[in-house]
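Everything below concerns the one structure shown next.
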Amino acid sequence: MKKLTIMSIALLIFAGTLELPKVGLQLSAIGQIETPQPIPTPQPIPTPQTIPTPQPIPTPQPQTPQPQTPQPIQTPQPIQTPQPIQTPQPKANDPTKLGYVSPEFAENFSQQQIDQINANVEMLLLTQSCSRCDLRAVKLVNINLKNPILTGADLSDANLSGSRFEISDFVNTNLARTNLSGAELVGARISNANLRKANLTKTNLDGADLRFSDLRDANLSDANLRNANIDGASIDRASMGGTTMPDGRKNQ
């Protein structure tokens with residue numbers, strides 16, 4: 001028993017020896033004053049963000065279909081035939097001195113031709129003769145020529161209206177489209193002449209020789225053909241209203 005008692009006391013002493021350092025540490029800790037720690041500054045509470053208001057979804061508008069206007073059907077164009085290239089023609093000199101030449105025909109002639117025609121007219125008026133002369137488009141209104149010789153002359157498009165030609169010679173003469181209206185051609189020799197489309201309105205052709213002359217499309221209205229010789233003459237499509245025929249009969 002004594003041994004157990006001694007052993008217990010020894011253990012208690014040993015245990016107390018082990019606890020002494022801890023007690024010293026605790027006392028040392030108690031003796032030290034703790035330095036106060038700074039209170040942390042409170043952070044501001046973040047303001048809550050505004051939640052965006054949701055936008056309404058647009059209601060889709062119904063699309064009204066637009067009526068389509070039908071396009072007219074294109075008519076196919078005919079294929080153009082290429083035109084032949086025109087060769088430029090030389091222009092006549094601008095006539096400045098017309099003289100006896102009618103202005104409406106002046107563009108058909110050069111000044112040199114006009115000068116020649118005027119010279120031929122001067123010779124005819126002076127000598128009463130101009131065979132085979134160029135007298136185209138001359139204007140010799142109300143002139144008086146006695147026994148003029150104009151054999152083979154060219155008097156196409158001339159204006160001889162109201163003129164007097166006593167016993168004249170127009171054999172083989174070109175009088176196409178010539179204005180002889182109201183002219184005096186009594187006993188004139190006009191055989192084998194070209195009188196196509198000539199104006200012979202009220203022309204006095206009493207006793208004229210018109211054999212084998214070409215009077216197609218001529219105007220012989222109210223003309224006097226009494227005693228005229230028209231054997232072999234061509235009078236197709238000639239206007240002969242009121243014309244006195246060779247036998248004295250008057251056309252209606």
Nearest-0.5 Å distance, [atom1] of residue [X] to [atom2] of residue [Y]:
X	Y	atom1	atom2	result
Thr173	Ile190	OG1	CD1	8.5 Å
Glu184	Ser168	CD	OG	11.0 Å
Asn174	Asp154	CG	CG	4.5 Å
Leu135	Gln116	CG	CD	10.0 Å

What heavy-atom pair brings [X] and [Y] nearest, and what distance separates the two atoms?
X	Y	answer
Ile114	Ala106	CD1-O, 4.3 Å
Ser163	Val141	OG-C, 3.8 Å
Arg237	Asp217	NE-OD1, 2.9 Å
Ala193	Phe170	CB-O, 3.9 Å
Thr178	Leu155	OG1-O, 2.6 Å

Can you find a heavy atom in the side chain of [X] that is under 4.5 Å from one in the side chain of [Y]?
X	Y	result
Tyr100	Leu140	yes
Pro103	Leu98	yes
Asn120	Val138	no
Leu126	Met123	no

Determine all donor-acceptor pairs shorter than 3.5 Å in which one atom belongs to a side chain in residues 243-252; sequence neighbours excluded.
residue	atom	partner	partner atom	Å
Thr243	OG1	Leu220	O	2.4
Thr243	OG1	Met240	O	3.1
Asp247	OD1	Arg249	N	3.0
Arg249	NH1	Asn251	OD1	3.1
Asn251	ND2	Met240	O	3.4

Using the disulfide bond (SG atoms under 2.5 Å apart) rule, collect all pairs that involve [range], keeping only residues at least two apart or in two chains.
range	value
residues 115-185	Cys130-Cys133
residues 148-252	none
residues 190-252	none

| Residue list, side-chain hydrogen bond (donor to acceptor under 3.5 Å, both in side chains) with Ser161, at least two apart or on another chain | Asn159
| remark: Ser131 meets the side-chain hydrogen bond (donor to acceptor under 3.5 Å, both in side chains) criterion, sequence neighbours left out, with none
Run the side chain to side chain contact (heavy atoms under 4.5 Å, CB included) test against [X] and tell me which residues pass, sequence neighbours left out.
X	value
Ser239	Asn219, Ser221
Glu166	Asn144, Lys146, Arg164
Leu145	Leu124, Leu125, Gln128, Ile143, Pro148, Phe165
Asp214	Asn194, Arg196, Arg216, Ser234

| said: Quick test of your reading: applying salt bridge (Lys or Arg N to Asp or Glu O under 4.0 Å), list the pairs with at least one residue in residues 116-138, sequence neighbours left out, ordered by first then second residue. | reply: Asp134-Arg136
| Candidate pair Leu210 and Leu195, rule side-chain contact (heavy atoms from CB on, under 4.5 Å), full reasoning | CA-CA 10 Å; Leu210 289 164; Leu195 286 157; 4.0 Å; yes
| field | Pairs involving residues 222-232, ordered by first then second residue, that meet side-chain hydrogen bond (donor to acceptor under 3.5 Å, both in side chains) (sequence neighbours left out) | value |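 Every side-chain hydrogen bond (donor to acceptor under 3.5 Å, both in side chains) pair that includes a residue of residues 222-232, provided the two are not neighbours, is Asn204-Asn224, Asp206-Asn227.
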| query | Any ion pair linking Asp209 and Arg189 (charged N to carboxylate O, less than 4.0 Å)? | reply |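 The answer is no: the pair does not qualify as a salt bridge.
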| task | Output yes when a side-chain donor or acceptor of Ser102 lies under 3.5 Å from a complementary backbone atom of Glu104, and no otherwise. | result |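 Flag not set: sc Ser102 to bb Glu104 has no pair under 3.5 Å.
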| message | As a test of understanding, state which of Leu160, Leu185, Leu225, Asn179 forms a side-chain contact (heavy atoms from CB on, under 4.5 Å) with Thr203. | response |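 It is Leu185, the one option of Leu160, Leu185, Leu225, Asn179 that forms the side-chain contact (heavy atoms from CB on, under 4.5 Å) with Thr203.
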| field | Linked, directly or transitively: Phe105 and Ile117 (ILVMFWY side chains, under 4.5 Å) | value |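 Same hydrophobic cluster.
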